Amino acid sequence: MSTFGKGCHLHLIDGSAYIFRAFHALPPLTRKSDGLPIGAVAGFCNMIQRYVEDNHGPDAPTHVAVIFDKGSHTFRNDLYDQYKANREAMPEELRPQIPLTRVATEAFNIACKELEGYEADDIIATLACQAREAGGRVTIISSDKDLMQLVGGGVEMLDAMKNRRIDREGVMEKFGVPPERVVDVQALAGDSVDNVPGAPGIGIKTAALLINEFGDLENLLDRAEEIKQPKRRQTLIDMREQIELSKKLVQLDCDTPLDFSLDDLEVRDPDPEVLMPFLAEMEFRTLSRRIAEKLGVEAPVIADVPAPADTAVETPEMPSFDAAVHECVRDADSLRSWIAQIEERGWVAVDTETTGLNEMTADLVGISLCVEPGHACYIPLIHKAGATGDLFGSDDLAEGQMAVQDALDLLKPVLEDPAILKIGQNMKYDAKIFARYGIDVAPIDDTMLMSYALHGGLHGHGMDTLSERYLAHTPIPIKPLLGTGKSAITFDRVPIDDAVPYAAEDADVTLRLWQTFKPLLHRSRVTTVYETLERPLVPVLAQMERNGIKVDRDTLSRMSNAFAQKMAGLEAEIHELAGESFNVGSPKQLGEILFDKMGLEGGKRGKTGAYATGVDVLEDLATEHDLPARVLDWRQVSKLKSTYTDALQTHINPDTGRVHTSYSIAGASTGRLASTDPNLQNIPVRTEEGRRIREAFVAEPGNLLVSLDYSQIELRILAHIADIPALKQAFAEGLDIHAMTASEMFDVPMDKMTPDVRRKAKAINFGVIYGISGFGLARNLRIPRAEAQGFIDRYFERFPGIRAYMDDTKGFAREHGYVETLFGRRIHTPEISAKGPRAGFAQRAAINAPIQGTAADVIRRAMVRMPPVIEDLNAKMLLQVHDELLFEVAEDTVDEVIARAREVMEGAAHPAVRLDVKLTVDAGQGANWAEAH
DNA sequence: GACATCACG
DNA sequence: GACGTACGTGATGTCC
C-alpha cells in the first residue's frame, strides 16, 4: 500500500448533496415487490456509477471517499441553538433511503465516511487539510458554497451539476474575496439556508467590500468606528457578538477526530460479488444490466412481480364517428318519431344552438338530439336563407324548418318528463335557453360535471377536451362555420347543410361521453359528489343567474365621471413629477421613468426584461418619493373606473335592467364557483372608495338586499381537519381567532393584545391555509425571512397537528395523485411529483385544496337546499361569493329569510359530515350591497 | 395573445 | 442543497 503524498489526488464527494439531488430529480419510485421508496437510492447509484465511469482518464483520483452527515446535533448547535433551525424536515419517503445510500456506496467499494456529531463539511475540511499538507491534490465534489473556504493550495471544487471547476478565481467571483477570507464574508452576510444570523442588512456584496477595505474581520470589527456609513457602522458595533458567533458557525473544523487515514481511501475496483447482489436486492433492472456489462459479468435475474389485477374499465362498444348517421329533422312527423325513440329509451342527449354565448340574450337557433351513439339529429329552427359567405345574407328564414313553437310544443313534454333523463354538456346553458322559452328541463345529467367529479384538477372539461381524451375523436370545429373577428356570423346564418353535421355530432359526443363516464362515477367513489354537489346545483345556479341583480346605472355613471376627473388630475401631477408626459398605464414606460430616468433603487426586471412595477415595488418606493405614490392612486382609480363603473354598465341587460353573471361550475379546481361576464365575485370592498361601487347594487323598491356569510369558514375547517384542540376550543368559545393565535404564539395575554401582534398572527393563520413558507410570510409581513421562519416554527410547535396535516396531505397526494375534501370531492394533483419549483406549487396547492374545497362543498350544499326552504317567501337568491350568499327580499320578510337561510347554511355539512367546529353565519341587510355586507 | 397588474374570497 | 415561493379566481390595458 502506498502512502498518500505528492502525486496523489483525493476526491471527496459530498454524499448528502448527492442524495438530495437524486431525491428531487427523480419521480417517487418504489420497489416493485414491497413498495419501499427507492427513488433517491436509484438516483444516487446512477450518479455514483456515472462518476466511476467518468473518472478513468489520466487525471483519475488515486483516493476517493463519499462523506455523509451523521446525527442532527453538532457542536454548532451548542454554540447557537437556532443553527439550521429553519431547515425543512426530511421528507418521509426519504428517511428510510438514507441508510441504503451508505450500503450502496460500500457496494461500489468506495470508502464511506461519517462521524457522529460532525457535519460532512467538517470531515471534508479535515481530509482536505491533511491531503494538502501531504502535498497531494484534492477535488471536492459539491456545490455547497460553505466549502469554498477550503479552495487553494491544490484544493479545488467541482460543481458536478454544472460540471464547473471552482478554483481561487471562482471563489473570488462568488464571494469577492480569496478563499481564506470567505468565512469573514459569510460571518457578515449570514446565511438564510443554515440560519446563520450574520449582520442584519449586510449581504455578500457589502461584506466583501468591507473585508477588502479592512483586510480581515477582526481588523474590521476593531476599527468599526471608521466606517463612513452611519447605519452600517452602528450595525457592526452593535452586532459584534453575533458576527463573531456567525464566524464560528461557518468556520469549518480541520481537526475532526477521524478514526481512519487518507491511506484508507485508496481507489478500489468494485467487487461484482458484492455490487450485483445489492443492485438485485434493490430491483434496479436497467442499472444492474448496465453495470454488469461494464464489469463483464452476468446481469442478475430480478424476478418480475405480477402487476396488480387489471382494473381498466371496459368502455362501451360504440360505432365509429365515420359511420354515424346525423339526420336533419324538418317536420313534425320525423320529430315525433325521434320522440318515440326517446320515450322508449328513457334518456336523450340534448344540445342547443343559439345566436350567441349569453344565455340571457341569445335566441334558440336549433336543437340536436341523440339517443344512441352514432344516431343523432339536428332540428334547425330559425336558420336564415342566403348563400354562404354572403356578408349580409337575407333575413328571410331558410326553407324546410319547423316553426319554433311547433317544435317546442312537441318537445316540452319530453324535456319536462320526470321519467326521461336529459343529458347535456354544460346543461346549465341549455336549461337557461329553454327556460326563456317556457320549458323547465328536468331531470338532467351533465357530462361536464361528471368529468369534473371524476377528473377535477387533471384537465379542463370542455367538450373538445373530453372528446379527444376519452373518445379519441376531434369534434368538428365551430370556427370555420362562424368565422372570426369582425366578419364572424351567428349560428342562424350558418347554412343548414353545414349546421347538421356539426350540431348533431355535439349531441352524439355528449351521449358517448355520458356512457363512458356513467360507470366510472361509482368506481371512482365520486357518485355522491356528483349527485349532491354538482348535478343539483345546475337548476339552482340557472335560476340565480336568471334572477340577476339590479344595478343602478346613474350611480355608476356619476362615479365614472368623478373617477375620470380624478385620474386627469393625478395624471397631470405624475407628468409634472416625471418631467415628461408618458402613458401612466404602461408598466414598461413607468419602469423606465422610475429606474432609468429618475435612477431610483430597487429596479428588478421580470422575465420579459421589463422592470417590475407592482404594488409591492411602488409601495416601497412611495415612502421616499411622490411619483410612485401618485401612480398607486391613479392605478386604483383607473381600476375602479375601467373594470367596475364603466364595464358594469355595459352588462346591464336592457330587458331586465339587471346584471346577470354566469357561474362556471367546473372551472376552479378546488370546487369553488367562478363568476364571469361580469365577474361579480370581485366587486371592491377592501378600500372605502372601492366599497362605494357596491352602493350601485340595489334592491327593487319594497325590497332589501340580505347578505349572509360564513365567519372564518376555512380556519374552522382547518381546525377540524388538522384536529387542533386549541383552535377548536377558541371557535367554541367564540373568541377572536387571530388574537387567540397571537396570544398563544407570542405569549401575550388576550387583554394586552396589540393590533400589530394580532395582524402577524392573522397573516400566519392565512399562510397556513395556503401552504405556508418562510419566504412567503416574510414578504407578506415585510419582515426578515429568519424571523418569519421563527414564527412558523413556533406555530407548528404550538399547533403540532398543522404540520402533521401538511405532511399527511402531501403524502396522500403523492400516493394517490389526488387529495380529497371532507365530502369526498377529489382534486387531482398531477404535478405533485414534478421536479423543480413546480413541485413546491403542487404541494402548496395540495395542502390548500382540501380546506378551500371543503368550504366550497359546504356552501354548495347550502345553495342546493336553499330554494325549497325559501320557496314560500318573497325572496330570491342572487349571488354567491365563495363564503357569502346574497338575497333580494321583500322588506317584511327579511327576518324570516335570515333565520331560515342561516339555519340552512350553518347546518350545511350535516348529515354527511359532523364537524367538530360549529359553522357561524353573519347576516346584514340594506338597500344596497354596501349596507348589506 | 402574452404579460403585468389588481379586484375578490 | 438549490431554487423559487404563499391558495383559488377573472378583467383590463399595453405591447408585439
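Owing to the predicted nature of the structure, the values given are computational and were not obtained by experimental measurement. Order of the sequence lines fixes the chain letters, A, B, ..., with proteins taken first and strands second; residue numbering starts at 1 for each chain.
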* Asked: Checking side-chain contact (heavy atoms from CB on, under 4.5 Å) for the pair A:D14/A:M157: CA distance, chi angles, key distance, verdict?
  -> CA-CA 11 Å; A:D14 182 350; A:M157 284 179 68; over 6 Å; no
* To do: Could you list the residues that satisfy salt bridge (charged side-chain N to carboxylate O under 4.0 Å, His left out) with A:K566, not counting sequence neighbours?
  => A:E689
* **Geometric cation-pi criterion A:R844 and A:F841, 6.0 Å radius, 45° cone** => yes
* **By ring pair (Phe, Tyr, Trp, His ring centres under 6.0 Å) - contacts of A:Y611 (at least two apart)** => A:F595
* For nucleotides 11-16 of chain C, just jot down a letter per nucleotide in 5' to 3' order: B, S or -, based on protein non-hydrogen atoms under 4.0 Å. => BSSSSS
* Whole-Å gap separating P (C:dG1) and CG (A:D159) -> 12 Å
* Asked: Restricting to pairs with a member in residues 672-686 of chain A, which pass salt bridge (Lys or Arg N to Asp or Glu O under 4.0 Å), not counting sequence neighbours?
  -> A:R672-A:E714
* Touch check for A:F766, heavy atoms < 4.0 angstrom, all strands: base, sugar-phosphate only, or nothing? -> nothing
* Expressed as a whole number of Å, how far does the C1' atom of C:dG4 sit from that of B:dA7? -> 26 Å
* **Comparing A:H882 and A:D14 on DNA chain C - which has the more 5′ nearest nucleotide** => A:D14
* A:D144 near the nucleic acid: base, sugar-phosphate alone, or nothing, with a heavy-atom cut-off under 4.0 Å? -> sugar-phosphate
* To do: For A:R691, answer base if it contacts any base atom (sugar-phosphate contacts may also be present), sugar-phosphate if it contacts only those atoms, and nothing otherwise; contact means non-hydrogen atoms under 4.0 Å.
  => nothing
* To do: Have a look at A:Q636 and say if it touches a base, only the backbone sugar-phosphate, or nothing, with a 4.0 Å heavy-atom cut-off.
  => sugar-phosphate
* Given atom CZ of A:F775 and atom P of C:dA2, what is their separation to the nearest angstrom? -> 17 Å
* Structure fact -> Whole-Å distance, A:Y805 OH to C:dC7 P, equals 14 Å
* Looking across every strand, which nucleic acid part, if any, lies under 4.0 Å from A:A855 by heavy atom: base, sugar-phosphate, or nothing? -> nothing
* Would one find a side-chain N or O of A:T661 under 4.0 angstrom from OP1 or OP2 of C:dG10? -> no
* Under 4.0 angstrom, heavy atoms only, what part of the nucleic acid is A:A763 near: base, sugar-phosphate, or nothing? -> base
* To do: Give a yes or no on whether a salt bridge exists between A:D121 and A:R76, defined as a side-chain N under 4.0 angstrom from a carboxylate O.
  => no
* Quick one: A:K145 NZ to C:dG1 P, roughly how many Å, whole number? -> 9 Å
* Measure the distance from NZ on A:K810 to C1' on C:dC7 and round it to the nearest whole Å. => 15 Å
* Could you say whether A:Y644 or A:G771 is positioned toward the 5' end of DNA chain C, judged by the nucleotide with the nearest heavy atom to each? => A:G771
* Structure fact -> Residues at least two apart in sequence or cross-chain that pass side chain to side chain donor-acceptor pair (under 3.5 Å) with A:E173, listed by chain then number, are none
* Asked: Going by an N to O cut-off under 4.0 Å, is there a salt bridge joining A:D159 and A:R164?
  -> no
Name the atoms and distances for all side-chain donor-acceptor pairs under 3.5 Å in residues 783-791 of chain A, with sequence neighbours left out.
from	atom 1	to	atom 2	distance (Å)
A:Q789	NE2	A:D793	OD1	3.1

* Asked: Contact class for A:G614 (heavy atom, under 4.0 Å): base, sugar-phosphate, or nothing?
  -> sugar-phosphate
* Asked: With sequence neighbours left out, what residues match A:R861 under side chain to side chain donor-acceptor pair (under 3.5 Å)?
  -> none
* **Which residues share a side chain to side chain donor-acceptor pair (under 3.5 Å) with A:T809, sequence neighbours left out** => none
* **Pairwise C1' distance for B:dC8 and C:dC3, with rounding to whole Å** => 30 Å
* With sequence neighbours excluded, residues passing side chain to side chain donor-acceptor pair (under 3.5 Å) with A:N780 -> none
* Identify whether any heavy atom of A:R686 sits under 4.0 Å from a base atom; if not, whether one sits that close to sugar-phosphate; answer base, sugar-phosphate or nothing. => base
* To do: Round to the nearest Å and state the distance from A:F20 atom CZ to C:dG1 atom P.
  => 8 Å
* Structure fact -> Taken to the nearest whole Å, CG/A:D883 to C1'/C:dT9 is 14 Å
* **OP1 or OP2 of C:dG8 under 4.0 Å from side-chain N/O of A:R672** => no
* To do: Give A:I683 one of three labels, base, sugar-phosphate or nothing, depending on what nucleic acid heavy atoms sit under 4.0 Å from its own.
  => sugar-phosphate
* Asked: Looking at residues at least two apart in the chain, or sitting in another chain, which of them share a side chain to side chain contact (heavy atoms under 4.5 Å, CB included) with A:R50?
  -> A:N46, A:M47, A:D54
* Hey, which of A:I19, A:V66, A:I48 is the one that makes side chain to side chain contact (heavy atoms under 4.5 Å, CB included) with A:T101? -> A:I19
* Structure fact -> Regarding the side chain of A:I772, the nearest nucleotide among C:dG10, C:dA6, C:dC7 is C:dA6
* Structure fact -> Note, DNA chain C 5' to 3' with Watson-Crick or G-U pairs under 3.5 Å encoded as ( ), [ ], | and . gives ......|||||||||.
* Structure fact -> Its 5'-most and 3'-most nucleotides having an atom under 4.0 Å from a non-hydrogen atom of chain A, DNA chain B is contacted over B:dC3 to B:dG9
* Asked: What does A:S16 touch in the nucleic acid at a heavy-atom separation under 4.0 angstrom: a base, only the sugar-phosphate, or nothing?
  -> nothing
* Asked: How long is the line joining CG of A:L715 and C1' of C:dC7, in whole Å?
  -> 13 Å
